[in-house]
Amino acid sequence: HTVRRQSIKRGEPRQMPSLPHTAESTVREEHFSSRRKQLEDYLTKILKMPMYRNYHGTMEFIGVNQLSFIHDLGPKGIEGYIMKRSGGHRIPGLNCCGQGRMCYRWSKRWLVVKDSFLLYMKPDSGAIGFVLLVDKEFNIKIGQKETETKHGLQIDNLSRSLILKCNSYRHAQWWRQGIDEFIRKHGKDFLTEHRFGSYAAVQENTLAKCFPVSTSLLNLVSWVVEYRDELLCLQTIYAVFFPPLCFFRLSPEIFMKRPVVEGNRWRLDCILKRKA
């Protein structure tokens, strides 16, 4: 309490707003709208007070977290506490623990549903534990027979079979229906295979360009590095050359424009020296 009192800034409202004590069963039908308005005002006042707004119980009641309203992450889906089981990875080497029934670990996590992925995070720190992408193998199963877990919920994709445990069969049904309806409405493009085996659908009028061969890509990069500003130059070099430099030992003496007709002018290291 001492830490809480010291963390409250002066001038912030401290008094808990009052909630009308009228029982819901005694409210007449003609008074429903005014009763709804009273509850809305009560919640609004609660959320205006930082101490109560950031309290984990308030966030759990409303069903929000640190990532709920970030525009770039897509529309907000259902959220809530869930028990998740360790293991289930389809990538070799990630199941060192959790393969056998004796090794399973259950952890309480906050599950977040978005249009193209699901993730679970630690509720206290907000640290993201795992991200499950929506792909063509995305599927949801419930029931003890399917999941080997009482009131279990299993979410599959190409990389993992995530096992979750709910409070009841009705709770598992609620999660399955909510996730399925949200993904079918907002993420249906990720559920089917698209051109060239891509997970993403074809988009029109975008600022992206496809380079079937590396010659045209290197030609464009050389032009950007030579004639554009430094920030765009660094971003382009990092995006194009950082992965191959790390994994394939790409030589900095690569010629960006081919055929070679101007000596070493368009060699990568020479271009960078001029830019520097």
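Of the possible polar contacts, one joining the Thr149 side chain to the Thr147 backbone as a donor-acceptor pair under 3.5 Å is found. A donor-acceptor pair under 3.5 Å links the side-chain atoms of Ser86 to the main chain of Arg105, judged by distance alone. A donor-acceptor contact shorter than 3.5 Å is absent between the side chain of Arg160 and the backbone of Phe130.
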**Prompt:** Which is it for Val134 and Asn157 under the side-chain contact (heavy atoms from CB on, under 4.5 Å) test, yes or no, and what are the steps along the way?
**Reply:** CA-CA 7 Å; Val134 177; Asn157 75 343; over 6 Å; no
**Message:** Go through it in stages, so that I can follow the logic: the residues are Glu262 and Trp266, the test is side-chain contact (heavy atoms from CB on, under 4.5 Å), and I'd like the CA-CA distance, side-chain angles, deciding distance and then a yes or no.
**Reply:** CA-CA 7 Å; Glu262 299 182 59; Trp266 296 110; 3.1 Å; yes
**Request:** Check step by step if side-chain contact (heavy atoms from CB on, under 4.5 Å) holds for Val113 and Trp175.
**Result:** CA-CA 10 Å; Val113 180; Trp175 272 108; 4.3 Å; yes
**Message:** Run the side-chain contact (heavy atoms from CB on, under 4.5 Å) test on Leu43 and Leu39 for me, step by step, so that the C-alpha distance in whole Å, both residues' side-chain angles and the decisive distance to 0.1 Å come before the verdict.
**Reply:** CA-CA 6 Å; Leu43 290 175; Leu39 294 176; 5.6 Å; no
**Prompt:** Given Gln177 and Gln173, is the side-chain hydrogen bond (donor to acceptor under 3.5 Å, both in side chains) satisfied, shown in steps?
**Reply:** CA-CA 6 Å; Gln177 182 178 357; Gln173 283 275 27; over 6 Å; no
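By the salt bridge (Lys or Arg N to Asp or Glu O under 4.0 Å) test, Arg184 pairs with Asp180, sequence neighbours left out. Remark: Glu193 pairs with Lys136 by the salt bridge (Lys or Arg N to Asp or Glu O under 4.0 Å) rule, at least two apart or across chains. Residues that satisfy the side chain to side chain donor-acceptor pair (under 3.5 Å) test with Asp41, not counting sequence neighbours, are Lys37. Partners of Tyr81 by side chain to side chain donor-acceptor pair (under 3.5 Å), not counting sequence neighbours: none found. Under the side chain to side chain donor-acceptor pair (under 3.5 Å) criterion, Asn167 pairs with no residue at all, not counting sequence neighbours. Not a single ring pair (Phe, Tyr, Trp, His ring centres under 6.0 Å) links His151 to another residue, sequence neighbours left out. By the salt bridge (Lys or Arg N to Asp or Glu O under 4.0 Å) test, Arg109 pairs with no residue at all, sequence neighbours left out. The side chain to side chain donor-acceptor pair (under 3.5 Å) test applied to Glu146 returns no partner, not counting sequence neighbours.
Of the inter-residue distances, the one linking Met83 atom CE with Ser107 atom OG reads 6.5 Å to the nearest 0.5 angstrom. Within the model, atoms CG of Asp135 and CG of Asp156 stand 10.0 Å from one another, a figure rounded to the nearest 0.5 Å. Ser159 contributes atom OG, which lies 5.5 Å from atom CG of Leu132 (distance to the nearest 0.5 angstrom). Taking CG of Asn65 as the reference point, atom NZ of Lys122 lies at 15.5 Å (rounded to 0.5 Å). Atom NE2 of His89 sits about 8.5 Å away from atom CG of Leu162, to the nearest 0.5 Å. If you take CD1 on Ile155 and CG on Leu118, they are separated by 5.0 Å, rounding to the nearest 0.5 Å.
A continuous path of hydrophobic side-chain contacts links Ile179 to Leu191 [ILVMFWY only; heavy atoms under 4.5 Å]. Residues Tyr120 and Leu67 do not share a hydrophobic cluster, defined by chaining ILVMFWY side chains whose heavy atoms lie under 4.5 Å apart. Clustering ILVMFWY residues whenever any of their side-chain heavy atoms sit less than 4.5 angstrom apart, transitively, puts Met59 in the very cluster that holds Tyr42. There is a path of hydrophobic side-chain contacts, each under 4.5 Å, that joins Ile70 to Val112. In this structure, Ile78 is a member of the same hydrophobic cluster as Leu153, with clusters built from ILVMFWY side-chain heavy atoms closer than 4.5 Å.
Hydrophobic cluster membership of Val202, counting Ile, Leu, Val, Met, Phe, Trp and Tyr whose side-chain heavy atoms lie under 4.5 Å apart directly or via other members: none, as it forms a cluster of its own. Cluster note: Leu158 groups with no other residue, as no ILVMFWY side-chain heavy atom lies under 4.5 Å from it.
Listed here is the closest heavy atom pair of Met121 and Gln66: CE-OE1, 3.6 Å. Between Gly152 and Ala172, the shortest heavy-atom contact is O-CB, 4.2 Å. The shortest non-hydrogen separation linking Leu133 to Phe117 is CD2-CB, 4.0 Å. In plain terms, the two heavy atoms of Cys166 and Ile82 that are nearest each other are SG-CD1, 3.8 Å. The heavy-atom pair separating Asp115 from Phe190 by the smallest distance is O-CD1, 4.2 Å. Gly74 and Lys114 get closest at one heavy-atom pair: O-NZ, 3.6 Å.
For residues 66-77, every residue pair satisfying the salt bridge (charged side-chain N to carboxylate O under 4.0 Å, His left out) rule, not counting sequence neighbours, is listed here: Lys76-Glu79.
Ile62 has its side chain within reach of Leu47: a pair of non-hydrogen atoms, C-beta onward, lies under 4.5 Å apart. Side-chain contact between Arg274 and Arg265: present, with at least one pair of heavy atoms (C-beta onward) separated by less than 4.5 Å.
Figure legend: Lys165 and Trp106 shown as a cation-pi pair, the cationic atom lying under 6.0 angstrom from the six-membered ring centre and within 45 degrees of its axis.
Classification of the His186-Phe182 ring pair by plane angle, with boundaries at 30° and 60°, yields tilted.
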Which donor-acceptor pairs under 3.5 Å do the side chains of residues 137-144 make with protein atoms, sequence neighbours left out?
none

